[in-house]
Peer 1: 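Here it is, the structure, as structure tokens.
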Protein chains: 2
Amino acid sequence: MTGPRVRAAAERLFARHGYAAVSMRQIAAEVGIGAGALYHYTPDKQALLRDMMRSHLDDLLSAWAQADPGGEAVARLDAFARFHIRFHLDRPDAVFIAYMELRSLEPETFAEIEALRKQYEAVPEAILLDGLQSGVMQVTDVKLGSMALIAMLTGVNTWYRDGGRLDRAAVEDVYARMALGMVGVQTVAV
Amino acid sequence: MTGPRVRAAAERLFARHGYAAVSMRQIAAEVGIGAGALYHYTPDKQALLRDMMRSHLDDLLSAWAQADPGGEAVARLDAFARFHIRFHLDRPDAVFIAYMELRSLEPETFAEIEALRKQYEAVPEAILLDGLQSGVMQVTDVKLGSMALIAMLTGVNTWYRDGGRLDRAAVEDVYARMALGMVGVQTVAV
DNA sequence: AATTAAACCGAACGACCGTTCAATTCCAAG
DNA sequence: CTTGGAATTGAACGGTCGTTCGGTTTAATT
């Protein structure tokens, strides 16, 4: 029971202040135990970061595997854009950490996490390649298109707040349309 | 002469390891002086961060003021996309810090930096609004379009490396085309 | 009620933190 | 050659860091 609370506290604090700026004593205080007791739940501070990054990316990949509708490229890109926004808005802390703390990882852990990230980047690449080959999309470069798409979608996390001018569904709509336009698919005005 | 070297070393180290993870002694070692001597060039560590953020955003705003071609919305958006990529690829460290270390700023400094960032976000907003009103662009939401555009363009910094598959000019071309497509402007295939 | 293993405390370790400051070195102006 | 101010050193300050560990509490099982 304490284990998950330790991980949750670490995630919240790492996201808020950064890995290097958070002390084990702060994490322990958040959980309500002494700093020494943390070491029943993690071998060290680095493992806390490693495990939360790994499980975040594992979750991401398996969630898409389940959400992927397959089929035609345009519909699939639409689904991907909406999935990406939804998944990322649901876990802003984990997303922030996965982006910002890559540099806090030791080399071999970094390589492992990087491989998972590349695996995810392959998802829009495959969709764009399909759309290009079937002639429904016009994109100059599949790799760059994928990177641009992911950056655009992940960017939602930097400004979206619940209770703002637009709700999640509206944001999904707007972004899905821009994502399609980006690769040359024109949609009807809304 | 030492002053600029201190700022340069701090910028490089902050970008590489993060503000919190870099010690004054590391900065001093990089410059080749003792840690105490740093305090002839900055009142404290926080001022190093504040000054580099402020001057980065000042540079960004005045560089665009000079690069802005004005005139018609489509050409102006094309110019903005190319300008943004070029400016950001030229100073990857400063860009990284400006994005990642907002949370390391004290509240009043944060507010000041945030205001400069908002000023820059107003640039694509104005272009999109013009394009929308003159009927050459179709974008569902000007604010979201601006955020998506900036996120997409800034994303280049996360993967671009000199000597890679595409040079800067080619990247500019691809991204300018995607930026226009995103807001409903179709361009000829390349 | 006795046993046991896990959970936890709290003090301690050596290392490093940002910052200060008296003392020293450096170097250009007179 | 002297002088004066800027540049720099290096030790020291009080604190905090991640981690360890002997001892104590807790709670479930026999």
Side-chain angles (χ1 to χ4, degrees), chain A residues 1-55 93 96-97 100-110 112-113, chain B residues 1-55 93 97 100-110 113:
Chain A
M1 214 213 87
T2 308
R5 291 180 57 224
V6 168
R7 283 185 285 277
E11 181 172 298
R12 192 167 45 248
L13 288 170
F14 287 169
R16 199 102 61 212
H17 309 290
Y19 174 78
V22 172
S23 71
M24 294 300 268
R25 284 170 179 84
Q26 280 174 61
I27 297 171
E30 188 97 348
V31 178
I33 59 177
L38 287 178
Y39 290 83
H40 281 268
Y41 307 101
T42 180
D44 52 34
K45 189 184 176 188
Q46 174 82 199
L48 279 174
L49 180 62
R50 173 182 357 112
D51 292 350
M52 73 179 64
M53 283 215 189
R54 199 158 25 205
S55 68
D93 285 347
F96 200 67
I97 292 168
M100 307 256 308
E101 301 294 354
L102 284 169
R103 63 182 173 196
S104 302
L105 293 173
E106 283 149 6
E108 67 274 11
T109 310
F110 174 82
E112 181 200 338
I113 300 296
Chain B
M1 215 214 88
T2 308
R5 291 179 58 224
V6 168
R7 283 186 286 276
E11 181 171 298
R12 192 166 47 248
L13 288 170
F14 288 169
R16 199 102 61 213
H17 308 291
Y19 174 76
V22 172
S23 72
M24 295 299 270
R25 285 170 179 83
Q26 280 175 64
I27 297 170
E30 188 95 349
V31 177
I33 59 179
L38 287 178
Y39 290 83
H40 279 268
Y41 306 101
T42 179
D44 50 36
K45 190 185 176 187
Q46 173 81 201
L48 280 174
L49 181 61
R50 176 184 352 114
D51 292 350
M52 73 178 63
M53 284 216 188
R54 195 152 35 198
S55 67
D93 285 347
I97 292 168
M100 310 265 295
E101 301 294 355
L102 283 169
R103 62 181 173 196
S104 303
L105 293 173
E106 282 148 7
E108 67 276 8
T109 310
F110 174 82
I113 299 296

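Computation of the quantities below employed the complete heavy-atom set of this structure, encompassing side-chain atoms and omitting hydrogens, waters and symmetry-equivalent molecules. A, B, ... follow the sequence lines: proteins, then strands. Residue 1 opens every chain.
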Peer 1: Which nucleotide, D:dA7, C:dT19, D:dT19, lies nearest any side-chain atom of B:Arg25?
Peer 2: C:dT19
Peer 1: Just how far, in rounded Å, is P of D:dC17 from NE2 of A:His17?
Peer 2: 12 Å
Peer 1: Between C:dT20 atom C1' and B:Lys45 atom NZ, what is the distance in whole Å?
Peer 2: 17 Å
Peer 1: Between C1' on C:dC17 and CD on A:Gln26, what's the gap in Å once rounded to a whole number?
Peer 2: 14 Å
Peer 1: For a quick test of reading the model: is some side-chain N or O of A:Tyr39 closer than 4.0 Å to OP1 or OP2 of C:dC8?
Peer 2: no
Peer 1: Quick one: CG on B:Asp51 to CD on B:Gln46, what's the gap to the nearest 0.5 Å?
Peer 2: 10.0 Å
Peer 1: Base, sugar-phosphate, or nothing for B:Val31, non-hydrogen atoms under 4.0 angstrom?
Peer 2: nothing
Peer 1: So which heavy atom on A:Met53 is nearest to which on A:Ile113, and how close?
Peer 2: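 In terms of heavy atoms, the two residues are closest at CB-CD1, 3.8 Å.
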Peer 1: I need the CE-P distance between A:Met24 and C:dA15, as an integer number of Å.
Peer 2: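 Distance check: A:Met24 CE to C:dA15 P gives 20 Å.
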Peer 1: Shortest non-hydrogen contact from A:Phe14 to B:Arg103?
Peer 2: O-NH1, 3.7 Å
Peer 1: Phosphate oxygens OP1/OP2 of C:dC8: is one of them under 4.0 Å from a side-chain N or O of A:Thr2?
Peer 2: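 Indeed, a polar side-chain atom of A:Thr2 lies that close.
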Peer 1: For DNA chain C, whose closest nucleotide is more 5', that of B:Gly36 or that of A:Gly34?
Peer 2: A:Gly34
Peer 1: I need the NE2-C1' distance between A:His40 and D:dC21, as an integer number of Å.
Peer 2: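 Rounding to the nearest Å, NE2 of A:His40 and C1' of D:dC21 are 10 Å apart.
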Peer 1: Please check: side-chain N/O of A:Thr42 versus main-chain N/O of A:Lys45, any donor-acceptor pairing under 3.5 Å?
Peer 2: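 No; judged by distance alone, with no hydrogens or angles, the pair does not exist.
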Peer 1: Write down the distance between CD1 (B:Ile33) and P (D:dA6), rounded to a whole number of angstrom.
Peer 2: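 Result: 17 Å.
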Peer 1: In terms of the nearest nucleotide of DNA chain D, which residue is placed more toward the 5' end: A:Ala21 or A:Ala37?
Peer 2: A:Ala21
Peer 1: Knowing that exactly one of A:Arg12, A:Arg7, A:Arg25, A:Arg5 qualifies, which makes a salt bridge (Lys or Arg N to Asp or Glu O under 4.0 Å) with A:Glu30?
Peer 2: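 Single salt bridge (Lys or Arg N to Asp or Glu O under 4.0 Å) partner of A:Glu30 among A:Arg12, A:Arg7, A:Arg25, A:Arg5: A:Arg12.
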Peer 1: Any side-chain N or O of A:Ser23 less than 4.0 Å from the OP1 or OP2 oxygen of D:dC17?
Peer 2: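 It does, given that an N or O in the side chain of A:Ser23 lies less than 4.0 Å from OP1 or OP2 of D:dC17.
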Peer 1: Report the distance from atom CE of A:Met1 to atom P of D:dA27, rounded to the nearest whole Å.
Peer 2: 12 Å
Peer 1: How long is the line joining CG of A:Leu38 and C1' of D:dC21, in whole Å?
Peer 2: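 Rounded to whole Å, this separation is 15 Å.
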